[in-house]
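A short worksheet on the structure shown next.
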Amino acid sequence: MLDKTYQPQTIEGEIYAAWEKADAFAAGRPERAGAKPFAIVIPPPNVTGSLHMGHALNNTLQDVLVRFERMRGRDVLWQPGTDHAGIATQMVVERQLMERQEPGRRAMGREAFIRRVWQWKEESGNTIVGQLKRLGCSCDWSRLRFTMDDGLSRAVRKVFVDLYRAGLIYKDKRLVNWDPELLTAISDLEVEQIETKGHLWHLRYPIEGTEFDPDNKASYIVVATTRPETMLGDTAVAVHPEDERYKSLVGKNAILPLVGRRIPIVADEYSDPEKGSGAVKITPAHDFNDFDVGRRHGLPMVNVLSPDAKLLLDPNPEFAQGVAPSAELRTTILELNGVFRFAARKLIVERLESQGLIEKIEPYVHTVPHGDRSNAVIEPRLTDQWYVDAATLAKPAIEAVKRGRTTFVPKNWETTYFHWMENIQPWCISRQLWWGHQIPAWYGPDGKAFVAEDEAGAKAEATSHYGKAVALTRDEDVLDTWFSSALWPFSTLGWPDKTPELARYYPTDVLITGFDIIFFWVARMMMMGLDVMEEAPFRDVYIHALVRDEKGQKMSKSKGNVIDPLDLIETYGADALRFTLAAMAAQGRDIKLSASRVEGYRNFATKLWNAARFAEINNCVPRPDFDPATAKVTLNRWIAGESERSLAAVTEALTAFRFNEAAGAIYHFIWHVYCDWYLELCKPILAGGEAEAAETRAMAAFVLDRALVLLHPFMPFVTEELWAERASEKGRPSLLMLAPWPEHRGLADAQADAEIGWLIRLISEVRSVRAEMNVPAGAKVPLVIAGASAETKARVARHEETMLRLARLDKVEFGKPPAGAVQIVLDEATLALPLAG
RNA sequence: GGGCGCGUAGCUCAGCGGUAUGAGCACUGCGUUGACAUCGCAGGGGUCACUGGUUCGAUCCCAGUCGCGCCCACCA
């Protein structure tokens, strides 16, 4: 006998254990001949992370799909794994060292530090796996992978070497986004532009050959800048070629204040006459635009910042370019040297001001680049880094989507994808970190790089290059964490080996992920998949929204508005949380989550539980020999048809990734069709003649089973529990998750629909009138039906008992409506309730 | 500067070219004769942001306005 209420906490763990014990999630289960494969790779969560609402949504949707397809007979592989998350993980461990007042990373040395990170990974790396299990995720855990596994690392090295040999990976000296806090280059995607209040300093640069006089405008040219400290690295001033104000100055030189260097005034269309003073200082080593201008004009690049953003000045500045450094200049240099950039800014401004070299200072709002991890202000810096030729790899990736080989759902994300892919910049993949895949490049004594999958390979190449064995040093940098995740769809399947899994499950069917990593991850998987496997890694890409709090704010620890999915699971059960997330996953909209909604769906689980309890009490057990198509009782024919409609609705919606519609359809069917009406209407039949009662018991059980199956992808625990409970007597397979999805049998019956529809409307109408007229519930009233057809009379005869009970009537009669009665028109008949006004 | 999305019940959201049978929560009334008080039944509550247009008909399609959010972009 089932308990009166459903207690998820007491059974979810056991059920999950039973699934694992039965090996129910393994690819190839259940064994069915000729099953079509269906594969999903999980977006690998950070090893050090713990389950947040975004994971809960993402993985619920995947599990719904995976369970659905498994029940539909597909051979499902849901490939799980975790990501090493280079910067994030390194920061976590570094912070931990600091908190424990242990020696820092550099004091520790590279090897010891990496050992430490691995240790941390072993200790807490599988927290998130346990949490995914708590959610009910049916991944094939026997295939769990980690981006720094031996196998995946081998894939990384091989792809790196192959792309290098194909000229698609190269080393280049360019400006990069430099994070002066983490002391590493980062990619464009890891930079956030943040609107900041600052100032615009208008600086006067004296013209060579004139005596600088603040009152003589001809003696200087004004340039505007938001970063005055970079002026030390200026190597030109640019004006627009058409700008009449400055035409006469082009070709002349300015003298760089404080430094004394002679810098040319050049004409370049980059300069915008509308902006600032119309003349712009050019600092090629510290600004992306200036870098281009510098290249066009062959300007020298003067780096004035050390990696940690301190000014770095040569006390014997060659860059003064022939101007002998005066004593004053030397003092200035010594004073500024090694000063942190923002302090230096202040010093430089003061110094310029004292010399009358500042025309004005305006308040100015502009966007300033910040590192997304460190939150430090990024400095463009000229360094040697490794790059992927993304523009070349992007071409087939664009084609694949244009030709419909891969489809985004919702479709409008394709616009975003195309826009980014068509304007893609070289991808900087080297990071000056320790935690990650070390770049497989070794350098000879003269700095020549030898790229190979291992040191022996590099040595062989070096030996043949130099004609003798030489000492090699390995590149110290590691790869961007997204490099290894870009290979995820095939590296997890065993590539570069030709494994059976790779042949069977690649390309995968669908990727489910959030829009925030379309560029970071989806685009890169497309590029790598097409290049390495020559086939796009997935057929569909389903993009879901972000989960926000109930006020629509992004959840963040600092705001304190984080809803922990594990808390909700603890309180309401995993099923309720899953159902909520699926029901709210409408396409193209953020999800504002509130606990009350979860509570509502917990109640839904209870409702279902009690329907099963009703079935149990009334002995409604599934009969293997029962064929619903042979049902004779109108009510039974009706509910069979209704169950077909919900089957079609759920199947169709899930096939089209409309999770909310699917959830809504099964919810409506179970609660508002099966429970509200069928179970109520079948009570008198169960108490009546044996033949009809037996058929009804069988039908009630048949439809309940169907409901459990349809609901299972959303609420796997409660459905499994009820299935097992009901199965115990009959020896059918007890694992609902391996049961087949129902087939459409064409059970709809128009006559039954009409009759039961009529009955439901009649009862509803009478109830409605009673409520409006404030008739006490205990009071029974008569119903008089006028103009009833023979059919109506027959229907009343068949359902009179039900009508009396559910509409609280004391009798039903035919005849003229009494004067003053409330009348309702239902089909051809008029219902009249003689109620005292 | 480009691009995307959103404004529907008190709140959080579905939905849709044909009178909004909308969902959860909240609210009101009635109800514990055994499936279910973690409940049932019924009810109140919506000029579907605004203005034009297309249409027999618009909340839905189109244009514009207002409000809100997000993404991309090197602007001094």
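So you know, we letter chains A, B, ... as the sequences are listed, proteins then strands, and number each from 1.
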How far, in whole Å, is B:C4 from B:G46 if one measures between their C1' atoms? 28 Å
Below the 4.0 Å mark, does B:C39 have OP1 or OP2 next to a side-chain nitrogen or oxygen of A:N603? yes
Pairing of A:R227 and A:E379 as salt bridge, 4.0 angstrom limit: yes
Integer angstrom distance from the C1' of B:U47 to that of B:G43: 23 Å
B:G5, OP1 or OP2 - any side-chain N/O from A:N412 closer than 4.0 Å? yes
Would you indicate what A:H366 reaches in the nucleic acid, counting non-hydrogen atoms under 4.0 angstrom: base, sugar-phosphate, or nothing? sugar-phosphate
Separation between CG (A:L704) and OH (A:Y678), nearest 0.5 Å, reads 10.5 Å
Please list, chain by chain and in numerical order, all residues satisfying ring-ring contact (aromatic ring centres under 6.0 Å, His included) with A:F717, sequence neighbours excluded. A:W19
Does OP1 or OP2 of B:G34 have a side-chain N or O of A:K683 closer than 4.0 Å? no
Same-atom distance (C1') from B:C66 to B:C25, integer angstrom: 30 Å
Identify, with sequence neighbours excluded, every residue that meets ring-ring contact (aromatic ring centres under 6.0 Å, His included) alongside A:W638. none
When all nucleic acid strands are considered with a 4.0 Å heavy-atom cut-off, which category describes A:T606: base, sugar-phosphate, or nothing? base
Is A:Q7 touching bases, backbone alone, or none of the nucleic acid, heavy atoms closer than 4.0 Å? base
Between the protein and nucleotides 60-64 of chain B, which nitrogen or oxygen pairs are less than 3.5 angstrom apart?
none

By nearest-heavy-atom nucleotide on RNA chain B, the more 5' of A:Y667 and A:V191 is A:Y667
Check every strand shown and say whether A:S277 touches a base, only sugar-phosphate, or nothing at a heavy-atom separation below 4.0 Å. nothing
Taking the C1' atom in each of B:A58 and B:U19, what is the distance between them to the nearest angstrom? 13 Å
Over all strands shown, is A:E192 touching base, sugar-phosphate only, or nothing at heavy-atom distances under 4.0 angstrom? nothing
Classify the nucleic acid contact of A:Y572 as base, sugar-phosphate or nothing, counting any heavy atom under 4.0 Å across all strands shown. nothing
Hits for ring-ring contact (aromatic ring centres under 6.0 Å, His included) against A:F579, two or more places apart or cross-chain, chain-then-number order -> A:Y601, A:F604, A:F714
Are any of A:R597's side-chain N or O atoms less than 4.0 Å away from OP1 or OP2 of B:C25? no
Tell me what A:D676 touches on the nucleic acid: a base, only sugar-phosphate, or nothing, going by heavy atoms under 4.0 Å. sugar-phosphate
Test side-chain hydrogen bond (donor to acceptor under 3.5 Å, both in side chains) applied to A:E570 - qualifying residues, sequence neighbours left out: none
Any A:N618 side-chain nitrogen or oxygen under 4.0 Å from OP1 or OP2 of B:G34: no
Let's test your reading of the model: under 3.5 Å, does the base of B:A73 pair with the side chain of A:Q425 as donor and acceptor? no
Salt bridge check: are A:R602 and A:E599 linked by an N-O gap of less than 4.0 Å? yes
Whole-angstrom distance between B:U54 and B:C70, as gauged at atom C1': 31 Å
Are A:Y6 and A:W609 near enough that their ring centres are under 6.0 Å apart? yes
Describe the nucleic acid contact of A:F579 in one word from base, sugar-phosphate, nothing, applying a heavy-atom distance below 4.0 Å. nothing
Could you tell me how far B:G24 sits from B:U38 if I compare only their C1' atoms? Round to whole Å. 14 Å
Determine which bases of RNA chain B form Watson-Crick or G-U wobble pairs with both distances under 3.5 Å, and write the result as a 5' to 3' dot-bracket string with | for other-strand partners. (((((((..((((....[...)))).(((((.......))))).....(((((..]....))))))))))))....
